[in-house]
Structure formats: C-alpha cells, structure tokens
Amino acid sequence: MGPDDISRFHQTLEGRMKESNRSSNVPRFVKRVELVQKQTIMHYQTQESQPFLKIVVALPTMVASCRGILERGITIEGLGSKSFLTYESNILFALRFMIDCNIVGGNWIEVPAGKYRKAARVMSYCQLELDCLFSDLVSHAAEGEYSKMAPFRILSFDIECAGRKGHFPEPTHDPVIQIANLVTHQGEGQPFVRNVMTLKSCSPIVGVDVMPFDTERDILLAWRDLIREVDPDIIIGYNICKFDLPYLIERAEVLKIAEFPILGRIRNSRVRVRDTTFSSRQYGVRESKDVTIEGRVQFDLLQAMQRDYKLSSYSLNSVSAHFLGEQKEDVHHSIISDLQNGNSETRRRLAVYCLKDAYLPQRLLDKLMYIYNYVEMARVTGVPISFLLSRGQSIKVLSQLLRKAKQKNLVIPNIKGQGSGQDTFEGATVLEARAGYYEKPIATLDFASLYPSIMMAYNLCYCTLVPPEDARKLNLPPESLNKTPSGEIFVKPELQKGILPEILEELLAARKRAKADLKEAKDPLERAVLDGRQLALKVSANSVYGFTGATVGQLPCLEISSSVTSYGRQMIEHTKKLVEDKFTTVAGYEHNAEVIYGDTDSVMVQFGVSTVEDAMKLGREAADYISGTFTKPIKLEFEKVYFPYLLISKKRYAGLYWTNPEKFDKMDAKGIETVRRDNCLLVKNLVTECLHKILVDRDVPGAVQYVKNTISDLLMNRVDLSLLVITKGLTKTGEDYAVKAAHVELAERMRKRDPATAPTVGDRVPYVIIKAAKGAKAYEKSEDPIYVLDNNIPIDPQYYLENQISKPLLRIFEPILKNASKELLHGSHTRSVSISTPSNSGIMKFAKKKLTCLGCKAIISGGSQTLCPHCKGREAELYCKTVANVSDLEMLFGRLWTQCQECQGSLHQDVLCTSRDCPIFYRRRKAQKDMAEARLQLDRWDF
DNA sequence: TCTCAAACCTAA
DNA sequence: TCAGTTAGGTTTGAGA
C-alpha cells in the first residue's frame with residue numbers, strides 16, 4: 001500500500017461508515033488513517049516491526065462499527081476486496097484513555113500549574129472545574145506521598161419501602177418511606193453526616209439528624225439535594241445496585257419527578273438503569289442492574305462479599321455476624337408498613353433499623369479494608385475501581401498486557417471465536433492418595449507460585465511462541481529454542497524476552513518489595529495499603545495463566561497454558577521420584593521416604609521419622625536439594641508438617657499443621673465437610689468436633705461418644721432447626737435444570753408463594769428436609785426453614801442420619817476404628833426415637849386427635865382428661881412435673897426473648913426480628929411453641 | 001440394584 | 001458485549 005492507496009482506503013472506509021450509520025449526521029467519521037510501524041504480539045517475529053494502519057475515528061462508539069466493516073471486508077479501487085484482522089479495536093474507551101495517558105485506577109493525577117484555566121463553560125457539579133489538555137496531565141506512580149489514599153467522601157445509605165401485605169415492595173405501587181444516610185471521610189472513624197429522612201413525623205434519635213417530610217416527593221428531592229451537597233466520591237450500601245438505587249430511580253419515574261435522577265457529577269445528566277447479567281465460572285451467574293452515576297463509584301458490599309468470600313448466606317445479617325460479630329434485627333418487609341402507619345415512635349423504631357442498615361455496610365467496608373484493597377488492586381492492574389466489582393478477572397490481565405505491549409511497540413490482535421487449535425487442555429497431576437491415618441509426621445513440600453515461575457523459567461509468552469510451520473520456515477538455531485513437554489516451541493530470552501514473564505517478574509518483585517515494606521511499616525494506614533498491595537500482586541500473578549487458557553476470553557493461547565501444565569506435571573513427578581530415590585536406607589537415611597500424596601504443586605512426604613523436628617529437618621533438606629535441579633526461578637519450598645494426618649482421598653484431608661516443632665499452629669482441613677458450604681451446621685460441627693477430638697485430644701472414645709450423643713439428640717428431636725439448614729447455590733434458572741434437585745424445586749415452590757422474595761439465580765437457597773411419605777425423593781421433602789417453623793412441620797431425622805451424617809463420619813472413622821459403622825450408626829443410641837406428629841398436613845387433617853395420658857402416653861378411653869387409670873395414683877407428682885415443665889420453658893423463652901431485645905437495642909419493645917440466619921431466632925420460636933404446648937397440657941388439669 | 005450423568009463445591 | 005483454568009469427590013435423580 002502506497003500513500004495513494006491509503007487515501008483511497010480512507011475514502012472507501014468513510015463511505016462505508018456513512019452507509020452503516022445513516023441516521024447520524026456526523027460530518028466525518030474517519031478522522032485520520034496513518035501508516036505506523038508496529039509488531040504483533042502473536043508469535044515470535046524475526047523482524048523488528050512491520051507497517052500497520054492506524055485509524056482514528058471521531059467518536060468512541062464508531063470504533064466498533066469501523067471494526068465490523070473491516071472484518072467483513074471492503075473493496076478498494078485498484079486493490080480488490082480485502083478483509084482485515086483488526087488490532088486493539090475492542091477496548092473500552094475509558095481503559096484506552098487511561099492506558100494512553102499512563103493512568104491507572106486509584107491513581108494520583110497532577111494538573112501542572114500554568115497548564116490549565118478556569119472552565120470556559122461549566123458542565124459539571126464538581127467543586128473545581130477547569131480545562132486542560134489531556135496530554136498535559138501528569139500521572140504519579142503510587143510511591144511515597146502518592147501511595148496515600150485520597151480522603152474519599154463515602155455515602156452509605158439504605159431505603160425502606162412500605163410494601164403491601166404479603167408482597168415484596170414494588171416501585172410501581174409502594175412508596176419510599178425512609179432513607180438513612182451516613183457520610184464518612186475515608187480513614188476517619190466516625191461519620192460527619194448522620195441523618196434519616198422519614199415520611200411523616202419521627203421521634204428524635206440521639207446523634208442523628210431526623211428529617212421528617214410530608215410527601216414522598218420531598219424525601220426523594222431532599223436525598224438528591226444531599227447527594228449534590230455532600231458530593232460523595234463513593235456510594236456504598238448493601239444490595240444498592242440491584243435494589244435501592246433502581247428503586248429510587250423507578251419510583252421517581254412513577255411519581256413523575258423529572259428533576260430527581262440527576263445524581264452524577266455531569267450537569268443535567270440523568271441516571272440510567274439497565275438490566276445486566278454477569279456470568280463466569282468463578283462467580284457464577286448473577287443478575288443485577290447497571291446504574292450509571294457519572295463521577296461516583298458505586299460499591300455494593302453485597303457484590304463485594306459474593307466475589308471475595310465463600311459463605312453459606314450473604315444476608316447483611318449473616319455477613320455482619322460473621323465479620324463484625326454483630327447481629328442486626330431483621331424485620332420482615334410485611335411489618336414495615338405497620339410501623340410506618342403507627343405513630344412517631346414506631347416510625348422511630350423503623351428509622352433506627354434503617355440507620356443500622358446504612359451503618360453496617362460502612363463497618364464492613366472499614367473492617368475488611370475494602371478501600372485499601374480495591375484501590376491497590378486498581379493500581380496494580382490498572383483498571384478503574386468500578387471494574388473490580390462489575391467485570392471479571394480477564395480485564396485485569398488484559399489491562400496489564402496492553403500497557404506492557406504499548407511500551408514494547410506491540411499490538412494485540414482482536415481474535416474472535418475460538419482460539420487456536422483444540423479447545424481444552426490437560427491440567428495438573430494429582431498424585432494417587434494413599435489414604436489412611438498417619439501417626440508419623442508428614443512433611444509438605446510446595447512449589448512457590450508454580451505457574452508464574454514456570455512461565456518465567458521457560459519464557460512462555462504470546463511473543464515467544466513459534467508455531468510449527470514457522471519453526472520449519474524460520475530456521476532458528478535449536479539451542480535458542482525450548483520444546484515444552486506438550487510439544488510446543490518457544491524461543492529463549494536471548495532471542496526475545498516474553499512480555500508475560502516480564503509482567504510476572506515485575507508483579508512478584510513488587511510483591512517482595514511490598515512485603516519487605518510491610519515488615520518495616522508501623523503506621524496502620526500504611527500497613528493496610530501495603531498489605532492490600534501484596535495481596536493484589538499475588539492474585540494478579542496467579543491469574544495470568546488462567547487468562548491464556550480462557551478459550552472464550554480476549555486472547556486465548558492454549559499453547560501457553562498447556563505448556564505450563566505440562567511442565568507442572570513433569571515437575572511433580574520428578575519431585576516425587578527424587579524424594580523417594582534419595583531418602584532411602586541404602587543412602588544412609590534412617591527410613592525410606594514415601595510420597596503419600598501430592599496435588600499440582602505439592603508433595604506430602606512420610607520420611608518415617610517420628611518427631612516433627614526431624615521431619616522438618618529432612619523436609620528442608622529435600623526442598624533445597626530438589627530446588628537445585630530446576631531452572632530458576634522455580635523453587636521448591638518446605639512449608640509445613642502435618643502430624644497427625646488423616647488422608648481420606650484426593651483433595652480431602654485433615655491434620656494438625658506445624659511450622660515450628662514446639663507447638664502446632666492450627667487444625668487444617670481440606671475438602672471435607674467442615675469446609676464445605678453445602679452441609680448443614682449439624683454435620684459441620686459434628687465433623688469438626690470429631691476431628692478435634694481425634695487429632696488434637698487423641699481421644700477416639702471421646703469422639704465416638706460425641707457422635708452417639710449427637711445422633712441420639714437428632715433422633716429424639718432435640719436438635720435446633722438452625723443446625724439442620726442445608727444451603728445450596730442456585731446456579732441457573734429453573735427450566736435450565738435437567739434433573740430435579742431439592743433446592744431447585746423449593747425455589748420453584750417459593751416462587752409460587754411469593755415471586756418477589758423467592759431466591760433467584762446466584763442466590764443461595766436454605767432448606768430443611770421434612771417428613772414425607774416413605775420413598776419420597778429429597779426434592780419432594782425440601783422446605784423453607786421459616787415455613788417449617790411457622791407451620792410446625794416435623795423434620796425427617798432419619799434423612800439427616802442416613803443422608804447427611806453417616807457417610808462423612810464413616811469416612812473419618814473408618815481408617816481409625818474397626819467396625820465404625822456398627823458402633824456409630826447402629827448402637828443402642830439409635831433406638832429411642834421421638835415420633836413427631838405432623839399437625840397440619842396430609843392425612844393428619846382427617847385424623848381425630850385422641851387424648852393421651854400425661855403420665856405414660858397411653859390413649860385415654862373414658863372420662864378422664866388427664867391420666868389413665870394406671871397413673872391415677874401419681875396425680876400429685878405428675879401435676880407438679882407439668883407445672884415445672886411450663887415454668888422451665890417460660891424461663892427459657894424469657895431468656896431468649898431478652899437476648900433478642902438486647903440485640904435490637906431496646907428492652908421495652910416487642911421483638912420483631914425474623915432472621916433466618918440467627919440461631920437464637922430458631923430457638924426462640926421453638927421455645928415459644930414448646931411453651932404454648934406445655935401450657936395446653938397444664939390446662940388439661942382441670943380441678 | 002446397578003450405572004451414569006448432572007449438579008455442587010472444593011483444591012490447587 | 002462479556003465471561004480466568006483443570007482435576008476430583010460426593011450426592012442424587014433417572015433409567016436400564
């Protein structure tokens with residue numbers, strides 16, 4: 001292509017752009033077409049650079065349409081028809097801008113003196129507004145003064161709506177009645193604004209600005225004014241993205257308050273709400289709403305929790321209990337209207353509740369150091385902070401890759417469809433597990449950052465890969481090439497240093513620095529920054545390999561990922577062999593070492609010695625010796641000793657974890673029920689307790705006894721309902737399920753009861769298994785715990801024994817105890833069973849209840865209301881027993897009630913809380929039921 | 001009763 | 001328009 005061809009190309013492209021954007025009356029689409037010297041990142045290239053066409057269009061949105069035209073192909077006069085591979089044509093504009101200006105997320109930017117002037121036309125609601133050429137901006141690396149956190153203004157808020165009876169609030173019907181707000185300067189312990197906007201009067205609350213309004217319209221506008229005045233940088237809350245913010249916007253639409261949704265920093269720019277779904281294997285499917293508020297970051301703590309922690313419940317209540325050790329009152333939405341329609345005292349009550357819901361997200365933000373961790377993640381990976389919650393892992397790697405590529409004058413092709421060649425590849429080796437209970441110390445050897453170090457050691461990268469056809473063509477010297485165990489060829493660094501290895505080196509070096517600085521740092525704020533940074537650096541390094549293997553991603557390269565795993569497989573086999581060959585009695589060691597297990601980057605070795613100290617010594621020796629046989633920077637480290645060690649199977653084990661020979665650090669469990677979210681607490685607690693008794697106390701009979709007691713309690717119906725709640729994630733929408741499952745069917749039934757509160761995709765569904773006809777499937781027996789509690793439905797203890805408890809227990813006890821099954825599951829403790837009567841379902845509706853004797857439970861046939869003739873003589877004794885029973889239960893209920901009152905923060909008000917995540921709630925409800933029943937029995941003594 | 005696949009969740 | 005990887009154990013429904 002010569003200069004004339006370029007100008008013809010320009011004209012043709014301009015014409016095609018006009019055709020496909022007929023509706024817009026843009027004078028010119030393609031601003032410039034330049035010839036530039038660049039190189040593609042794909043494959044090792046012998047020449048320095050080659051010519052590329054750089055196309056500059058008038059608006060960001062035109063990039064996509066331009067790309068489409070070029071990919072489909074255009075006909076240029078004199079050159080014929082040609083379709084083009086485009087490069088870097090699929091990059092979000094904000095990211096493109098940041099990369100070009102060398103700006104990273106969470107960055108400090110300087111507008112140098114003399115390079116700006118007062119804004120010619122005010123276009124924003126910002127406190128300072130000025131005009132400056134983008135190229136004059138100075139981006140500062142996060143070092144020294146510039147590593148400090150900005151004093152962000154953070155607004156935490158929560159709204160309450162008055163739903164109709166039995167319905168979840170909907171913006172088309174139900175008014176917003178309260179909004180609680182806290183505004184805090186990042187880093188300060190206390191909010192400097194604390195208010196609650198209420199519909200109608202509300203009694204005063206100490207330390208809070210209570211702002212009553214007559215109409216809902218006034219509330220909404222007051223809130224908008226608050227946003228305008230406080231001008232928050234970050235808006236936080238719990239579930240604000242999916243609920244509170246869209247609700248406010250939609251409500252304002254319904255009320256026709258046109259001036260409400262101007263909440264961003266761009267003057268007169270309206271907030272837009274859009275439905276979005278996010279789906280990835282890591283985070284699952286998640287439906288939410290995309291709310292655009294320019295200039296303010298929305299940080300929804302619910303989203304953050306779901307991404308960062310694997311919990312069995314994500315309710316604000318459960319999360320607060322978990323991280324803050326604090327419960328919150330959970331008022332069911334159907335009660336909210338009653339409180340609103342009461343008086344200023346009941347509305348005050350609601351306001352206190354609303355304030356707490358605004359306060360807890362702020363506490364979580366502080367406690368988990370979210371600002372530090374996310375700002376550091378943004379700084380390390382270069383993406384804007386908002387991407388960290390709204391986008392996946394790959395954008396972070398891509399951002400780093402694009403930045404590095406720009407430095408090296410490389411461009412990244414926009415490859416559509418599947419990557420090169422096959423679409424799956426072999427992963428890591430998991431060594432055969434020699435299951436058993438080990439009473440000798442087991443040393444663990446680990447490769448440090450295995451996959452990153454392989455990529456660095458063998459220079460694996462897009463730009464060092466030599467495809468087979470090139471290998472023949474280019475005639476490269478064999479000594480400059482590496483052939484990977486999977487058969488791929490990469491050039492050595494002498495010829496071309498890979499940019500992935502370079503990124504990884506920088507990440508790991510920066511992590512080392514951060515960790516060293518962390519050791520020195522005294523100031524807690526500085527420590528928070530550094531700790532957040534080292535974590536971000538580690539996570540980033542580990543996700544590079546995943547990025548190359550993501551076939552549906554931006555730039556898959558299975559040659560790289562399959563090479564990485566193939567080296568990994570070779571290395572773990574090599575390590576196992578070396579350990580077993582070197583540490584032998586023949587070579588003068590006391591015992592023959594045995595590798596009893598290993599997974600991906602670790603091997604577990606039984607050296608045969610009986611003290612932790614000796615195992616550590618040999619572990620260190622082995623790690624040093626074996627490290628020497630690998631290419632740098634691959635390193636095998638001795639990490640810990642397990643003693644004793646219970647190996648159940650691949651990916652499942654438990655043991656005491658020792659890093660110094662004096663005392664163990666902790667009990668560690670992998671893969672077994674204690675660390676899984678889909679088991680009920682009863683199983684979790686039981687297994688944890690047994691492991692503790694076996695491993696720590698070395699008390700097997702004690703563990704057995706504990707199991708027996710638990711099983712007996714279960715069968716006698718003495719177990720709290722909260723311990724029987726099983727939770728499972730809803731991973732797809734109803735009709736996509738091929739088979740029926742307990743949690744899916746329950747979600748479906750709940751949807752029929754109340755579509756608005758039923759679980760949806762991505763939610764976790766709690767359920768219990770209830771009694772039903774013999775042979776009924778589990779999915780027919782699952783029920784909502786609250787529903788079970790309210791309707792007094794009996795649970796199925798046998799199911800819990802056979803399908804939940806028994807197998808996990810046997811797996812633990814079998815290596816330790818002979819006849820485990822007989823002893824644990826069929827002993828005398830399984831004989832007494834409490835027969836519960838379903839009170840309101842099935843056949844019992846037609847059954848007539850017969851009175852039974854209060855002494856011996858025999859059916860009473862004649863006259864008496866209380867006792868059979870047999871027990872008549874014990875009248876006085878049995879009466880006293882009944883009275884005592886009632887008074888015990890009253891006391892129990894009273895204690896639990898007080899506990900709930902304390903939790904809600906007031907001792908002279910009714911308890912409204914119905915938190916399905918709180919064990920006290922279940923116990924309180926049960927005590928209430930038991931008490932009522934006991935009173936009925938007492939009433940039968942009619943003298 | 002056995003076998004297989006779907007679904008879930010975890011290890012690394 | 002976007003979505004990090006594979007290996008593996010366990011439970012359960014469904015059909016032979």
Side-chain angles (χ1 to χ4, degrees), chain A residues 64 67-68 90-92 274 276-286 290 310 312 387 390-398 414 416 423-433 435 446-447 449-451 539-558 560-562 564-566 568-569 572 597-602 648-653 668-679 683 726-732 736-745 764-765 769 776-782 799 802-804 806-808 810-811:
Chain A
R67 178 185 66 225
N90 201 8
I91 297 158
L92 291 153
R274 215 172 37 124
T276 57
T277 60
F278 182 94
S279 130
S280 80
R281 196 156 350 149
Q282 184 178 17
Y283 301 126
V285 181
R286 211 135 264 159
D290 189 24
K310 295 205 169 281
S312 39
F387 281 24
S390 63
R391 307 290 300 273
Q393 291 292 345
S394 64
I395 193 76
K396 295 193 266 185
V397 180
L398 186 68
N414 192 15
K416 269 284 166 70
D423 56 346
T424 53
F425 62 95
E426 194 182 338
T429 295
V430 183
L431 297 179
E432 223 36 69
D446 286 56
F447 287 103
S449 305
L450 178 69
Y451 286 176
V539 172
S540 301
N542 284 335
S543 47
V544 172
Y545 148 78
F547 178 86
T548 65
T551 37
V552 284
Q554 294 274 10
L555 195 61
C557 184
L558 299 194
I560 297 175
S561 31
S562 62
V564 171
T565 56
S566 69
R569 291 194 297 275
I572 192 171
Y597 178 54
D599 186 347
T600 310
D601 62 350
S602 65
I648 294 168
S649 66
K650 285 182 174 180
K651 300 195 189 277
R652 291 181 164 230
Y653 58 81
D668 198 20
K670 294 286 153 114
I672 51 187
E673 287 69 20
T674 49
V675 294
R676 292 179 64 91
R677 298 183 285 178
D678 51 354
N679 286 98
V683 173
I726 303 166
T727 72
K728 283 204 168 110
L730 210 53
T731 55
K732 43 187 120 173
D736 289 348
Y737 279 97
V739 292
K740 292 177 171 175
H743 63 298
V744 183
E745 293 296 301
R764 295 193 64 80
V765 185
I769 296 293
K777 302 284 186 199
Y779 66 80
E780 297 168 311
K781 309 207 290 178
S782 56
Y799 174 88
E802 285 163 15
N803 299 60
Q804 293 288 124
S806 76
K807 285 187 177 169
L810 288 181
R811 280 194 292 267

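Below, chains carry the letters A, B, ... as their sequence lines are ordered, and counting in each starts from 1.
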Exercise for the section: Can you spot which of A/Ile560, A/Val397, A/Thr565 makes a side-chain contact (heavy atoms from CB on, under 4.5 Å) with A/Tyr545? Expected result: A/Thr565
Handout entry: Side-chain donor or acceptor of A/Thr727 paired with backbone N/O of A/Arg677 under 3.5 Å
Key = yes
Practice task
Would you tell me if any nitrogen or oxygen in the side chain of A/Tyr451 comes within less than 4.0 Å of OP1 or OP2 on C/dT6?
Solution key: no
Exercise for the section: Flag the pair A/Glu673 and A/Arg652 as a salt bridge only when some basic side-chain nitrogen lies within less than 4.0 angstrom of an acidic carboxylate oxygen. Expected result: yes
Exercise for the section: Mind calculating the distance between CG (A/Asp290) and P (C/dA3) to the nearest angstrom? Expected result: 13 Å
Exercise for the section: Check the distance between C/dA3's C1' and A/Gln393's CD and give it to me in whole angstrom. Expected result: 11 Å
Practice task
Could you check how far CD of A/Glu745 sits from P of C/dT12, rounded to whole Å?
Solution key: 15 Å
Exercise for the section: May I ask you to say what A/Ser561 touches in the nucleic acid, namely base, sugar-phosphate or nothing, with a heavy-atom cut-off under 4.0 Å? Expected result: nothing
Practice task
With heavy atoms under 4.0 Å as the rule, sort A/Ser649 into base, sugar-phosphate or nothing.
Solution key: sugar-phosphate
Exercise for the section: Indicate, with a heavy-atom threshold strictly under 4.0 Å, whether A/Gly549 touches base, sugar-phosphate, or nothing. Expected result: sugar-phosphate
Handout entry: Selected nucleotide, minimal atom distance to A/Thr424 side chain, candidates C/dG13, C/dT10, C/dT6
Key = C/dT6
Problem - N/O (side chain, A/Ser394) to phosphate O (OP1/OP2, C/dG4) under 4.0 Å - result: yes
Practice task
Heavy atoms under 4.0 Å is the rule here; annotate nucleotides 2-12 of chain B 5' to 3' with B where the base is hit, S where only the sugar-phosphate is, and - elsewhere.
Solution key: ----SSBBSBS
Completion exercise
Out of C/dT10, C/dA7, C/dT6, minimum distance to the side chain of A/Phe425 belongs to C/dT6
Handout entry: Charged N-O contact under 4.0 Å between A/Glu745 and A/Lys777
Key = no
Handout entry: salt bridge (Lys or Arg N to Asp or Glu O under 4.0 Å) between A/Lys650 and A/Glu432, intermediate numbers included
Key = CA-CA 7 Å; A/Lys650 285 182 174 180; A/Glu432 223 36 69; 3.6 Å; yes
Exercise for the section: Take the protein atom CD1 of A/Ile648 and the nucleotide atom P of C/dG9, then report the distance between them rounded to whole Å. Expected result: 12 Å
Exercise for the section: Find the distance A/Gln282:CD to C/dC2:P and express it as a whole number of Å. Expected result: 18 Å
Handout entry: A/Arg67 (side chain) donor-acceptor with A/Asn414 (main chain) under 3.5 angstrom
Key = no
Practice task
Looking at every strand, decide which applies to A/Tyr779 at a 4.0 Å heavy-atom threshold: base, sugar-phosphate, or nothing.
Solution key: sugar-phosphate
Practice task
Establish, with yes or no, whether the OP1 or OP2 oxygen of C/dT1 is under 4.0 angstrom from a side-chain nitrogen or oxygen of A/Asn90.
Solution key: no
Exercise for the section: Nearest whole angstrom, please: distance from the C1' of C/dA3 to the CZ of A/Phe387. Expected result: 14 Å
Exercise for the section: Look at all strands and tell whether A/Arg569 reaches a base, only sugar-phosphate, or nothing, counting heavy atoms closer than 4.0 Å. Expected result: nothing
Practice task
Can you measure from CD1 (A/Ile648) to CD1 (A/Ile672) and round to the nearest 0.5 angstrom?
Solution key: 4.5 Å
Problem - Main-chain N/O of A/Tyr283 paired to A/Ser280 side chain as donor or acceptor, under 3.5 Å - result: yes
Exercise for the section: For A/Arg281, answer base if it contacts any base atom (sugar-phosphate contacts may also be present), sugar-phosphate if it contacts only those atoms, and nothing otherwise; contact means non-hydrogen atoms under 4.0 Å. Expected result: base
Exercise for the section: Kindly point out which of C/dT1, C/dG9, C/dG13 is positioned nearest to the side chain of A/Lys650? Expected result: C/dG9
Exercise for the section: Round to the nearest Å and state the distance from A/Lys777 atom NZ to C/dT11 atom P. Expected result: 16 Å
Handout entry: Nearest-angstrom distance from the residue atom OH of A/Tyr283 to P of C/dG4
Key = 7 Å
